[in-house]
A.B. asks: 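Have a look at the structure that comes next, please.
When a residue number appears, it is its place in the shown sequence, counting from 1. Side-chain atoms are counted along with the backbone in the values below, which use heavy atoms only and exclude waters and symmetry mates.
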Amino acid sequence: MSSTADSDERTYFSTIEDAIADWRPPLDNITAIRDAVRVLDYEHVYIPASRGFIALEAAGGAGEVGYVMPDFVSLQPLDGERAVVPLPVKGTPEPPVAKKRPKPKKIHAVDVVHDLCPTCFTALPATGICAYCE
């Protein structure tokens, strides 16, 4: 999958399967989408930034030959008759899954454990002699 810097910000996919996985239509529609686009001759598959449909482009920039919409598949072959294939389940695809950012770990101050004076329980200096109890 890759993105271009076109004015409409398209995300291109290497296969229709990858585009379907990203667009996430209702599960009952996936087989119908595959069957419908099987008759088309296309080279590129993309989803625009609006995420409203999947488009199938003909080779050599000859134009779109099909669109997968939320409720139907529009077939527009360059050398054939146009057709509309209704999908079994009406509805929009699921929005992309937002990745949750992990909560930052709480950082606790770590007390350095020093030797303690057995009498007043204060930290002993490196000399080992308590300055308060001597």
A.B. asks: Any non-hydrogen side-chain atom of Pro25 less than 4.5 Å from a side-chain atom of Val68?
C.D. replies: no

A.B. asks: Determine whether Val37 and Leu56 make a side-chain contact, defined as any pair of heavy atoms from C-beta on separated by less than 4.5 Å.
C.D. replies: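 Touching, per the 4.5 Å side-chain cut-off.
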
A.B. asks: Can you give me every donor-acceptor pair (side chain of residues 72-88, partner residue at least two apart or in another chain, under 3.5 Å) with its distance?
C.D. replies:
from, atom 1, to, atom 2, distance (Å)
Ser74, OG, Gln76, NE2, 3.0

A.B. asks: So Asp18 and Val45, do their side chains get closer than 4.5 Å, heavy atoms only?
C.D. replies: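 Not touching, per the 4.5 Å side-chain cut-off.
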
A.B. asks: With a 4.5 Å heavy-atom cut-off, do Thr119 and Cys130 have their side chains touching?
C.D. replies: no

A.B. asks: Can you confirm whether Asp41 is buried at CG, in the sense that more than 12 heavy atoms of other residues, nucleotides or ligands lie under 6.0 Å from that atom?
C.D. replies: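 Atom CG in Asp41 is not crowded, with 12 or fewer foreign heavy atoms closer than 6.0 Å.
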
A.B. asks: First locate atom OG1 of Thr31, then atom CG of Asp28, and finally report the distance between them rounded to the nearest 0.5 Å.
C.D. replies: 8.5 Å

A.B. asks: Measure across Gly66 and Leu40 and return the closest heavy-atom pair with its distance rounded to 0.1 Å.
C.D. replies: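 Heavy-atom minimum between the residues: CA-CD1, 3.9 Å.
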
A.B. asks: Less than 4.5 Å apart, any side-chain heavy atom of Tyr132 and any of Cys117?
C.D. replies: no

A.B. asks: Cluster question for you: counting only ILVMFWY and a side-chain heavy-atom cut-off of under 4.5 Å, with indirect links fine, are Ile20 and Leu27 together?
C.D. replies: yes

A.B. asks: Is the closest side-chain heavy-atom distance between Asp22 and Arg51 below 4.5 Å?
C.D. replies: yes

A.B. asks: State the CD1-OH distance between Ile16 and Tyr42, to the nearest 0.5 angstrom.
C.D. replies: 5.0 Å

A.B. asks: Short question: side chain of Asn29, backbone of Val89 - any donor-acceptor pair under 3.5 Å?
C.D. replies: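 Yes, the answer is positive, given that a donor and an acceptor are paired below the 3.5 Å cut-off.
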
A.B. asks: Once you round to the nearest 0.5 Å, how far does CG of Leu116 lie from SG of Cys120?
C.D. replies: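 Reported value, rounded in 0.5 Å steps: 9.0 Å.
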
A.B. asks: Any salt bridge (charged side-chain N to carboxylate O under 4.0 Å, His left out) involving residues 53-63? Give me the pairs, sequence neighbours left out, ordered by first then second residue.
C.D. replies: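 Pairs touching residues 53-63 that pass the test: Arg10-Glu57.
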
A.B. asks: Taking salt bridge (Lys or Arg N to Asp or Glu O under 4.0 Å) as the test, write out the residues that go with Glu17, two or more places apart.
C.D. replies: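 Testing Glu17 for salt bridge (Lys or Arg N to Asp or Glu O under 4.0 Å), a comparison that skips the adjacent residues, returns Arg34.
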
A.B. asks: Going by distance alone, is a donor N or O of one side chain under 3.5 Å from an acceptor N or O of the other, for Glu64 and Tyr46?
C.D. replies: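 Indeed, the side chains of Glu64 and Tyr46 share at least one donor-acceptor pair under 3.5 Å.
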
